[in-house]
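Every value quoted in this text rests on a predicted model; they were computed, and no experiment measured them. Numbered from 1 within each chain, the chains take letters A, B, ... in sequence-line order.
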Protein chains: 2
Amino acid sequence: MAVTMHDVARRAGVSIKTVSNVVNDYPHVRAETRRRVQEAIDSLGYRLNTTARNLRQGRTGMIGLALPELSLPYFAELADSVMRAAEERGVVVLLEQTGAQRERELQALDSPQRRLTDGLLFSPLALEPEETDRLEVDYPMVLLGERMFGPVDHVTMANVEASRAATLHLVERGCRRIAVIGAHPGETMGSARLRFDGYRRALAEAGLPFDPDLVAEAGLWHRSTGAAAMTRLLDAGTVMDGVFGMNDALALGALHVLHSRGVPVPQDVAVIGFDDIDDARYSEPLLSSVAPGREQIARTAVDMLLERIEGSTVEPRRVVASFEIVARESSLLGRRAH
Amino acid sequence: MAVTMHDVARRAGVSIKTVSNVVNDYPHVRAETRRRVQEAIDSLGYRLNTTARNLRQGRTGMIGLALPELSLPYFAELADSVMRAAEERGVVVLLEQTGAQRERELQALDSPQRRLTDGLLFSPLALEPEETDRLEVDYPMVLLGERMFGPVDHVTMANVEASRAATLHLVERGCRRIAVIGAHPGETMGSARLRFDGYRRALAEAGLPFDPDLVAEAGLWHRSTGAAAMTRLLDAGTVMDGVFGMNDALALGALHVLHSRGVPVPQDVAVIGFDDIDDARYSEPLLSSVAPGREQIARTAVDMLLERIEGSTVEPRRVVASFEIVARESSLLGRRAH
DNA sequence: CTGTTAGCGCCTTCAT
DNA sequence: ATGAAGGCGCTAACAG
């Protein structure tokens, strides 16, 4: 049924090894031989059997990507970036969703898929920082995100720095009372905590007072929770001239509410989000955001994982991606001076 | 390095075949033998080498899922459903994005990944209906969506029927002038055409006139385009008491605009979308929608593909999933009688 | 109920 | 620059 190297070899009048050499671009093959083999390959419609190669080489050519949920825009876009980066490196990505549930995150570390992949890019959201020992696995792994750190390579965004920069961006636009949406009180690491820290640091640097009334919690970082938080702020009569949404979904929800209530954005209230998801380019007004270096994160993570797969045993590394403030309409106009 | 069946066999004092039988839940194994083998497996930490099994069986245990983009909510949720359905059947899904570009859709049909999968679930969005001959591939395939039909199994949603039902749902709520958002003039098949047909059919059945002024185009089915379309309708002074968004993103965009302009929903204008994506459960007001049977589509498609992989040669089948109207706040209240 | 044999298709020695 | 042999880890087929 399937055409094998043997068939090609017979057809081209060479040995199987020569066919293998041609297929794998081995340099020392005479041009004429190569041509004959190539011709046989084309005429027979031969295609390499990846499974056999994998068995022989003890590799699968696939890497796993375990993330919370594809329906969260940031992760859908991250998956996209990782798949592209992997393609450039000649490997294939096997996606797994954990639903941000602790049990399923643990399962992902030990699922049957692990036998199918050479390594894992793991983005936990539910595992507790105390459980880092679970990350001591016997296959190559690179950690994504800031939920936890362990004795493995880690690629993360500059949460604190970037939040600080986002907040300072609003300050530069003239904002003096900046609300922050998405806080998770009590969290000791994780994005919510880090981004909140960045916000406070910026206030301190700018010499602005911290006002707890300007902090709005939001458990899930969805549009709806962002809208609800904004509504609470407005209904409480909180005076503000800027809003920092800890992610774009929250910021978009807030934007929606401001718009509905007739608050001019950015004239009366400037808004900035975080993640720079695609939707930020389609809102009214366009949403300013922090581009957290998703592409860089994806590339770096894939490269690091491949190095581990190649056998590198250097100390676990930590890479922090560089970010960028993307100023769009929601924070763009000059604001009233105080 | 790796523990093999041989190691387990030696440890348990049985032959390799017996180990294989235990691993594969072959029934005729004595309980005592099974126990001994299992013990050896556990103590050695043995894990089946899937690649070797695949090579032997001539299968990979993976199916491909080629879809436009994960960042489109419907497809993210479809991918989720397919991955779950596949897991229940013991196969793994290899995802590929085509970016809704014709070239990349063609590539997906012939990518190196095809050697890694036993079959393909293919959801084209850019290929032209005339190009059905491209679908004559030499591996098992099941087509998803309504962009085109070919000589292969096909799973689709009841676009016409469901749109008709959505429109009639608004009619039952008392709507008499129902706008439709998302039209693609000139399209001969594809979702936009089919859903538009359902809309017109419903109007005809309800004895309502068709008014071209109530039809709003939207090329990309995003929130932003839905909002823009709604804005155009309102600015043109079009009188309406209902809106049918051809997908939820469009409807959510429209909802946003109505809300901003102070039009009470559903009191003055009732709104319904299509796809029942997760976001519909988080809008203000909650968005009514058509649940197109995503789970059923996923299960059916996976099952059909697996049957083909098993070697079934029955005539190509076409399955239409059953849908459901999900009435939420945006269309729920009784409307003024005329 | 369990063992033996013979590959699946490829790549890595080692020759030539 | 090319060929021959062996085996990656597993399972199908057949014995026993």
Stepwise, does the side-chain contact (heavy atoms from CB on, under 4.5 Å) test hold for B:L143 with B:V155? CA-CA 6 Å; B:L143 214 52; B:V155 183; over 6 Å; no

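Across the protein-nucleic acid pair, A:L55 atom CG and C:dG7 atom P stand 17 Å apart, rounded to whole Å. Distance, A:R59 CZ to C:dC10 P: 19 Å, rounded to whole Å. At whole-Å resolution of the value, CG in A:N54 and C1' in D:dC8 are 11 Å apart. If you take NE2 of B:H6 and P of C:dT4, they are 10 Å apart, rounded to a whole angstrom.
Rounding to the nearest 0.5 Å gives a distance of 5.5 Å between CD1 of B:I63 and CG of B:L305. Interatomic distance, B:T50 OG1 to B:L55 CG, rounded to the nearest 0.5 Å: 12.5 Å. One finds the CG atom of B:L70 at 11.5 Å from the CD atom of B:E96 (value rounded to the nearest 0.5 Å). Here the CZ-OG distance, from B:R317 to B:S312, works out to 5.0 Å after rounding to the nearest 0.5 Å. Rounded to the nearest 0.5 angstrom, B:L94 CG and B:R114 CZ are separated by 7.5 Å.
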Across nucleotides 11-16 of chain D, 5' to 3', mark each nucleotide with B, S or - according to how protein heavy atoms within less than 4.0 Å reach it. BSB---

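Under the salt bridge (charged side-chain N to carboxylate O under 4.0 Å, His left out) criterion, the residue pairs touching residues 8-20 of chain A are A:D7-A:R10, with sequence neighbours excluded.
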Using distance only, find each side-chain donor-acceptor pair of residues 121-128 of chain A under 3.5 Å and give its atom names and separation, not counting sequence neighbours.
unit_1, atom_1, unit_2, atom_2, d
A:E128, OE1, A:R147, NH2, 3.4
A:E128, OE2, A:R147, NH2, 3.1

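Less than 4.0 Å separates DNA chain C from no heavy atom of any residue of residues 30-41 of chain A.
Relative to the axis of its first five pairs, the axis of the last five pairs of the helix from C:dC1-D:dG16 to C:dT16-D:dA1 sits at 30°, rounded to 10 degrees.
Under a 3.5 Å cut-off, the side chain of A:R89 and the backbone N or O of A:D303 do not form any donor-acceptor pair. Although no hydrogens or angles enter the test, the distance criterion places no donor-acceptor pair under 3.5 Å between the side chain of B:N24 and the main chain of B:Y26.
The ring-ring contact (aromatic ring centres under 6.0 Å, His included) check on B:Y139 picks up nothing, with sequence neighbours excluded.
An OP1 or OP2 oxygen of D:dG9 is reached within less than 4.0 angstrom by no side-chain nitrogen or oxygen of B:T4. Checking the phosphate oxygens (OP1, OP2) of D:dG3, a side-chain nitrogen or oxygen of A:T18 falls inside 4.0 Å.
In terms of position along DNA chain C, the nucleotide closest to B:V14 lies nearer the 5' end than the nucleotide closest to the other residue of the pair B:R115 and B:V14.
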